[in-house]
Amino acid sequence: QVQLVESGGGLVQAGGSLRLSCVGSGSIDRFIVMAWYRQAPAKQRELVASITIGGSANYADSVKGRFTISRDNAKKTVYLQMDNLKPEDTGVYYCYVSSPSSWGQGTQVTVSS
């Protein structure tokens, strides 16, 4: 069983920055893929960024050049550095890991204009 705990969400003005963290625990030594998803009100959950255990990262077009995903395998932690935030980045951000597929409880990010 895997537990994921996110932190770092909050309220920020447009153009500001936030850094999200997600720490994994449980019997799994490492996660093959770690990722961040987000869900805005009345919208479907969407992939923001993902990173493999080897460090290969993938981003949604809407966040390329503004967000950076990274991970610390020894700490079973994934980070999302979010810069130049926009109001459309508002939503609940969820941490996800594969093998086994698991979700965090989510952290709210609100960007005011």
Side-chain angles (χ1 to χ4, degrees):
Q1 188 174 0
V2 173
Q3 295 82 40
L4 301 172
V5 178
E6 300 113 330
S7 61
L11 173 64
V12 65
Q13 289 188 334
S17 298
L18 285 173
R19 188 190 193 211
L20 305 183
S21 299
C22 172
V23 181
S25 62
S27 59
I28 305 299
D29 290 333
R30 57 182 184 175
F31 305 112
I32 304 302
V33 176
M34 304 184 81
W36 289 96
Y37 285 73
R38 69 185 178 192
Q39 188 165 18
K43 292 189 176 181
Q44 289 189 332
R45 191 173 298 188
E46 63 174 356
L47 176 67
V48 176
S50 64
I51 186 167
T52 68
I53 193 168
S56 179
N58 179 60
Y59 297 92
D61 288 343
S62 60
V63 307
K64 282 181 180 176
R66 300 188 297 121
F67 291 10
T68 303
I69 190 170
S70 61
R71 61 188 287 170
D72 185 329
N73 293 329
K75 295 180 179 179
K76 291 191 277 189
T77 300
V78 63
Y79 306 97
L80 186 68
Q81 177 66 41
M82 305 186 292
D83 298 318
N84 190 21
L85 282 159
K86 302 177 180 181
E88 51 264 42
D89 294 318
T90 294
V92 179
Y93 284 68
Y94 296 91
C95 176
Y96 170 83
V97 300
S98 65
S99 309
S101 179
S102 304
W103 293 91
Q105 81 287 354
T107 185
Q108 177 69 44
V109 171
T110 303
V111 184
S112 63
S113 58

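When reading the values below, keep in mind they use all heavy atoms of this one structure, side chains included, and skip hydrogens, waters and symmetry mates.
- Aromatic ring orientation, W103 versus Y94: perpendicular (interplanar angle above 60°, classes split at 30° and 60°).
- Within the 4.5 Å cutoff, the side chain of V12 has no heavy atoms near those of the T110 side chain.
- Tracing side-chain contacts under 4.5 Å through hydrophobic residues (I, L, V, M, F, W, Y), one reaches V109 starting from M34; they form part of the same cluster.
- The side-chain heavy atoms of Q81 and S17, taken from C-beta on, include a pair separated by under 4.5 Å.
- Minimum heavy-atom separation, G24 to L4: CA-CD2, 3.7 Å.
- One side chain, S25 or Q3, offers a donor N or O that lies under 3.5 Å from an acceptor on the other.
- A14 approaches P87 most closely through the heavy-atom pair CB-CD, 4.1 Å.
- In this structure, V97 is not a member of the same hydrophobic cluster as V23, with clusters built from ILVMFWY side-chain heavy atoms closer than 4.5 Å.
- Here D61 pairs with K64 in a salt bridge; the nearest charged N to carboxylate O distance falls below 4.0 Å.
- A 4.5 Å side-chain heavy-atom check between P100 and V2 finds at least one atom pair inside the cut-off.
- Between the CD1 atom of I53 and the CZ atom of R71 there is a distance of 5.0 Å, given to the nearest 0.5 Å.
- Rounding to the nearest 0.5 angstrom, the gap separating the CZ atom in F31 from the OG atom in S102 is 7.0 Å.
- Between L20 and G9, the shortest heavy-atom contact is CD2-N, 3.6 Å.
- Listed for the E6 side chain is a donor-acceptor partner under 3.5 Å among the backbone atoms of G106.
- Taken to the nearest 0.5 Å, the CH2 atom of W36 stands 14.5 Å off from the OH atom of Y96.
- If you take CE on M82 and CZ on R66, they are separated by 9.5 Å, rounding to the nearest 0.5 Å.
- Residues V92 and T107 form no side-chain contact, since every pair of their non-hydrogen atoms from C-beta on lies 4.5 Å or further apart.
- To the nearest 0.5 Å, atoms CG (N58) and CG (L47) are separated by 6.5 Å.
- For S99 (side chain) and I32 (main-chain N/O), no donor-acceptor pair under 3.5 Å exists by modelled atom type.
- Side-chain contact between L80 and Y93 is present, with at least one heavy-atom pair separated by less than 4.5 Å.
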**Item:** Test side chain to side chain contact (heavy atoms under 4.5 Å, CB included) applied to Q108 and T90, step by step
**Value:** CA-CA 8 Å; Q108 177 69 44; T90 294; 4.1 Å; yes
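- The cationic group of R19 lies under 6.0 Å from the six-membered ring centre of Y79 and within 45° of the ring axis, placing it in a cation-pi geometry.
- T77 and D72 share no donor-acceptor pair across their side chains, judged by distance under 3.5 Å alone.
- Remark: the backbone N or O of E46 is not paired with any side-chain donor or acceptor of R38 at under 3.5 angstrom.
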**Message:** Please determine whether side chain to side chain contact (heavy atoms under 4.5 Å, CB included) holds for the pair V78 and I51, giving the CA-CA distance in whole Å, both sets of side-chain angles, and the decisive distance to 0.1 Å.
**Reply:** CA-CA 9 Å; V78 63; I51 186 167; 4.2 Å; yes
**Request:** Decide yes or no on side chain to side chain contact (heavy atoms under 4.5 Å, CB included) for L18 and F67, but give the supporting numbers first.
**Result:** CA-CA 10 Å; L18 285 173; F67 291 10; over 6 Å; no
